[in-house]
Amino acid sequence: MEKFLEMVTLVNTTVSDFVWGPIMLALLVGAGVFLTFRTGWLQVRQFGFIMKNTIGSLFRRKSSKDHGSNLSPFQAVTTALAGTVGTGNIAGVTGAIFVGGPGSVFWMWVSAFFGMCTKYSEIALAMKFRDTDASGIHKGGPMYYIENGLGKSWKWLAAVFAVLGGLASFGIGNIAQSSEISGAMSGLFGLDPLVTGVALTALVAVVVLGGVKRIGQVTSLLVPFMSVFYVAAGVVVILMRITDLPGVLGSIFTSAFSLEAVGGGVFGYAIMVAMKNGFARGVFSNEAGLGSAPIAHAASSTEEPAEQAIWGVFEVFFDTIIICSITAFTVLLSGFELGADALAAYASKGAAAVAAFNAILPGTLGGTIIQLSLIFFALSTILSWSYYGERCWGYLCKDNKVVASIYKVVFVLFCIVGATGSGQLMWDISDTLNGAMAIPNLIALILLSGAVANITREYFKNKK
């Protein structure tokens, strides 16, 4: 059994090195560049319009429209953001900077810039090619726009995506997040992991078993709260070291193109290391190109594809340009020595983030903020990924209600597995599956880019 597990670990590591390696990262960013041209540089030319009609629309009088069994446009966005804004925005960004240096932040921004069009395209296709059942419930995502957009002969590719997404929901969407919550609860209140796991299971069950409508209602409250909480704390930290900010910004741009070796030459040239870590963190954080967020957006009651899709631009902007940048600025403003050896001195990447906040804020306030943020971020991710997994298995099993019920129960119980620290190998495998989801999704995005261009052209022509 031990040899079998070693073999599985070796195979998973090899596949993971590819799906999260330079080639796939280049394809993900490259797809964003291609779609940017197909949409006429949407994220530049229409940025003001997009912000006005996404986040800006929340400050206008709300419609009393009944959305039925579907999500309101805002609930669809917060459900997608719940899955996007996660522990990677804190721990992941911290690790990327320690290993890749300040320059990795610049390349993270570059990946986000092009990722705005990638996510816009995913959502536009999810809206256009979604299915609606007899009760009026919308269902969509990559598996649907692969089959309905490319034709029945591509159904095998849709099934590949659904299998990868369904399996990944247990790991990246549950075990990894439950583990972070357990660690944070232990640090804050000294709670036993099993107690945290049982309590988390009960909480998640109440929401998940209530269906997508209840998930949307909870995320529409949780996501704005946790976002304001973390952004406000980050702004305070930056203001406390505002005189050092110009120097930090300078180091980000100079390091991004530096040819000096980092880590004593162990990691090669800084520019290559910075690009790899920056691109990886950007893609992993905002999930542009992975195909997860379109599943939530497809459940929106909105009828116009582009009207919902422009929220994708806002999502990537908020997740990476705002949230990830706050973490990055804090780490760089802390003045800590960077490098893989320096990172190894901490128990985890999250612990390094805690230390960075504590170095600026008085006492242990920074650590408390980080741990509370990790709890909120991880919980929201669990809720949204429960729906992603449900839709993936629903597609494969033709929306069989028995299968859906079994999935929900098993998913909820996995919170205990993650909280008690078990299942590390499954977490690693699911992380690999999460990255592999991009392969069938990118194929569909490229082949259906013409449809995206038409949707964009018609929408903005009518708006003018």
Check your understanding: Within the side chain of Thr381, is there an N or O that forms a donor-acceptor pair under 3.5 Å with the backbone of Ala82?
Key -> yes
Study note, to complete from the structure: d(Ile50 CD1, Ile55 CD1) to nearest 0.5 Å is 13.5 Å
Practice item. Answer with yes or no whether the side chains of Ser300 and Gln308 bring together a donor and an acceptor at under 3.5 Å. Key: yes
Check your understanding: With no hydrogens and no angle check, is any side-chain donor or acceptor of Asn286 less than 3.5 Å from a backbone partner on Ala112?
Key -> no
Point to revise | Ser292 and Glu287 side chains, donor-acceptor separation under 3.5 Å | key: yes
**Study point:** Gln177 side-chain N/O to Ile172 backbone N/O, donor-acceptor pair under 3.5 Å
**Key:** yes
Practice item. Indicate yes or no for a side-chain donor-acceptor contact from Ser111 to the backbone of Met108 under 3.5 Å, with no hydrogens or angles considered. Key: yes
Point to revise | Side-chain donor/acceptor of Arg391 to backbone N/O of Gly141, under 3.5 Å | key: no
Point to revise | Greater than 12 external heavy atoms within 6.0 Å of Trp109's CH2 | key: yes
Review point. Would you say Ser227's side chain and Pro224's backbone share a donor-acceptor pair under 3.5 angstrom?
Key: no
Review point. Is there a donor-acceptor contact under 3.5 Å linking the side chains of Tyr145 and Glu122?
Key: no
**Study point:** Candidate list Asn441, Leu290, Leu125, test side chain to side chain contact (heavy atoms under 4.5 Å, CB included), partner Pro142, passing option
**Key:** Asn441
**Study point:** Thr219 versus Thr79, side-chain donor and acceptor atoms under 3.5 Å
**Key:** yes
Exercise for review: Using atom types as modelled and distance alone, determine if a side-chain donor or acceptor of Thr327 lies under 3.5 Å from a backbone N or O of Asn89.
Suggested key: yes
Exercise for review: State plainly whether the residues Asp319 and Lys119 are in salt-bridge range, i.e. N to O under 4.0 Å.
Suggested key: no
Point to revise | Distance (rounded to the nearest 0.5 Å) between Ile123 CD1 and Ile455 CD1 | key: 11.5 Å
Point to revise | Donor-acceptor contact present, side-chain Ser384 to main-chain Gly83, <3.5 Å | key: yes
Practice item. Identify the two heavy atoms, one from Ala306 and one from Tyr120, that lie closest to each other, and give their separation to 0.1 Å. Key: CB-OH, 3.7 Å
Check your understanding: Is the backbone N or O of Phe377 less than 3.5 Å from a side-chain atom of Ser380, with the two atoms forming a donor-acceptor pair by type?
Key -> yes
Review point. Under 3.5 Å, side chain of Trp393 to main-chain N/O of Gly166, donor-acceptor pair present?
Key: yes
Point to revise | Crowding at NZ, Lys139 (>12 non-hydrogen neighbours, <6.0 Å) | key: yes
Exercise for review: Please report the closest heavy-atom contact between Met437 and Ala168, naming both atoms and the distance.
Suggested key: SD-CB, 4.2 Å
Exercise for review: Would you check if there is a donor-acceptor pair between the side chains of Ser169 and Tyr407 at a distance under 3.5 Å?
Suggested key: yes
